[in-house]
Amino acid sequence: PFLRKEFIEIPKRMENKYFGTFIRKIVNTSEIKATGFEVKDITLTPTAGLTYDIDWQGKPCLILKYFYGEKAILHNNPQKNFTDLTTNDQGFTFYRSKRDKTWEDAQKMTLCQMGLVLHNNCFRLSGEENTNEPYHLLEWIVNNREMLIEKGFTINQDSSKQYTLAKPELQYQMIAENDWFDLHIILKVDGFEIPFTQFKNHLLNSKREFQLPDGSIFLLPLPWFEKYRELLIYGVIDKHTIKLQKHHYRILSVFDETEVRKFELPVNDVTIGLPELSNVTLRPYQIFGFQWLIKIGELGFGGILADDMGLG
């Protein structure tokens with residue numbers, strides 16, 4: 001309208017709409033000289049947010065948004081400014097803030113340095129731009145969650161399933177009985193304590209998703225399926241305890257336990273005094289056999305030392 005007129009009149013009843021649409025758009029995109037209302041430039045401290053989602057192709061992705069106050073904007077949105085209008089008895093005041101493109105680009109660079117790539121306006125794991133595998137990206141989030149938070153990112157989920165993104169912690173207690181090892185393992189994750197015995201069906205049937213009491217999904221780490229499979233096959237579950245016969249001690253090598261390590265101690269490293277024998281000198285293999293029998297006896301095993309070579 002200003003191309004043909006020096007001024008225009010806005011009816012009183014239309015002022016709020018006129019300032020909230022037409023004038024606000026001009027203030028947001030242009031430098032103007034204001035008379036009768038105010039334009040105040042303010043600086044807002046931005047934050048970054050990542051949202052885990054499944055895109056329209058069924059592929060897992062992370063969507064990056066920036067937050068300026070209550071304003072949220074996608075990282076690829078070309079809008080440069082944010083403008084809010086307030087009205088009171090003194091008139092109209094516009095509050096305008098500019099996006100910090102330097103900071104935004106630095107946040108993108110941080111994600112790329114951590115192993116993500118920008119693909120179709122969202123972030124995926126490098127080398128997996130075209131995969132539908134949902135768990136790799138979730139595992140990446142769990143493993144890098146603390147660093148992401150340290151770098152100023154918030155993490156959200158828009159998918160129908162809500163996964164817990166906390167790192168799991170396994171705590172265990174091992175007691176050696178006469179013929180058994182009693183193993184009590186507890187998973188601590190996101191404020192919950194779950195007996196490890198509850199994962200038997202999942203670990204033996206390759207099911208990675210376990211529902212926690214609050215309805216969220218705990219993703220069983222992939223190494224667990226190989227690491228603990230034999231323990232759950234040969235172990236006997238008694239309430240929340242796994243009982244494992246001592247002759248299966250090698251299965252427990254995944255646990256750093258002195259009680260287990262002594263089973264793996266070579267016979268040559270065990271010094272056991274020989275009995276006094278008159279006019280007899282034992283050969284090296286006979287000494288080894290004697291020490292082996294003593295060792296397995298101390299460990300609670302029975303044994304037979306046989307010689308089928310006819311050497312006595």
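Other residues, nucleotides and ligands contribute over 12 non-hydrogen atoms within 6.0 Å of the CD atom of E169. Within a 6.0 Å radius of NZ in K101, other residues, nucleotides and ligands contribute more than 12 heavy atoms. For Q245, the CD atom counts as densely surrounded, since its 6.0 Å shell holds more than 12 non-hydrogen atoms of other residues, nucleotides or ligands. Atom CE of M147 is surrounded by 12 or fewer heavy atoms from other residues, nucleotides or ligands within 6.0 Å. For K108, the NZ atom sits in a packed shell: over 12 heavy atoms of surrounding residues, nucleotides or ligands are nearer than 6.0 Å.
I186 approaches P195 most closely through the heavy-atom pair CD1-CA, 3.8 Å. Considering all non-hydrogen atoms of both residues, L187 and P168 come closest at CD1-CB, 3.5 Å. Closest non-hydrogen pair, I155 versus R145, comes out as CD1-CG, 3.9 Å. In plain terms, the two heavy atoms of A166 and V142 that are nearest each other are O-CG1, 3.9 Å. Residue W180 comes nearest to K246 through the heavy atom pair O-CE, 3.8 Å, listed as atom of the first residue, atom of the second, then distance. For the pair T154 and G49, the tightest heavy-atom approach, listed with the atom from each and the gap, is OG1-CA, 3.3 Å.
Residues meeting the salt bridge (Lys or Arg N to Asp or Glu O under 4.0 Å) test with D190, sequence neighbours left out: none. For D41, the salt bridge (Lys or Arg N to Asp or Glu O under 4.0 Å) partners at least two apart in sequence or on another chain are R96. Under the rule for a salt bridge (Lys or Arg N to Asp or Glu O under 4.0 Å), E150 has no partner lying at least two apart in sequence or in another chain. In this structure, D179 has no salt bridge (Lys or Arg N to Asp or Glu O under 4.0 Å) partners at least two apart in sequence or on a different chain.
With W140 contributing its side chain and R124 its backbone, the two residues share no donor-acceptor pair below 3.5 Å. At distances below 3.5 Å, not a single donor-acceptor pair connects side-chain atoms of S216 with backbone N or O atoms of L212. Between the side chain of Q107 and the backbone N or O of E104 there is no donor-acceptor pair closer than 3.5 Å. Put simply, the side chain of H240 never gets that close to the backbone of F196: no donor and acceptor are under 3.5 Å apart. The closest donor-acceptor contact from the side chain of H75 to the backbone of N121 lies under 3.5 Å.
Checked options L204, L220, I185; the residue passing with F199 is L220 (criterion: side chain to side chain contact (heavy atoms under 4.5 Å, CB included)).
Residue pairs meeting the salt bridge (charged side-chain N to carboxylate O under 4.0 Å, His left out) criterion with at least one partner in residues 201-216, sequence neighbours excluded, are E139-R208, K161-E209. Here ring pair (Phe, Tyr, Trp, His ring centres under 6.0 Å) pairs that include residues 44-67, with residues two or more places apart or in two chains, are Y66-W103.
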Practice task
Using the ring-ring contact (aromatic ring centres under 6.0 Å, His included) rule, take Y249 and F181 through it: C-alpha gap first, then chi angles, then the decisive distance, then the call.
Solution key: CA-CA 8 Å; Y249 70 90; F181 288 109; 8.0 Å; no

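F92 has its side chain within reach of N16: a pair of non-hydrogen atoms, C-beta onward, lies under 4.5 Å apart. In this structure the side chain of Y68 reaches within 4.5 angstrom of the side chain of R99, judged on heavy atoms.
Between Y135 and Y163, the two ring planes are perpendicular [angle over 60°; tilted spans 30° to 60°]. Between Y228 and F255, the ring-plane angle classifies as tilted under the 30° and 60° cut-offs. Classified by interplanar angle (parallel below 30°, tilted 30° to 60°, perpendicular above 60°), the ring pair F210/H202 is perpendicular.
A salt bridge links E193 and K188; the closest N-O separation between the charged side-chain nitrogens and carboxylate oxygens is under 4.0 Å. Ion pairing of D53 with K59 is absent here, as no side-chain N (NZ or NE/NH1/NH2) approaches a carboxylate O to less than 4.0 Å.
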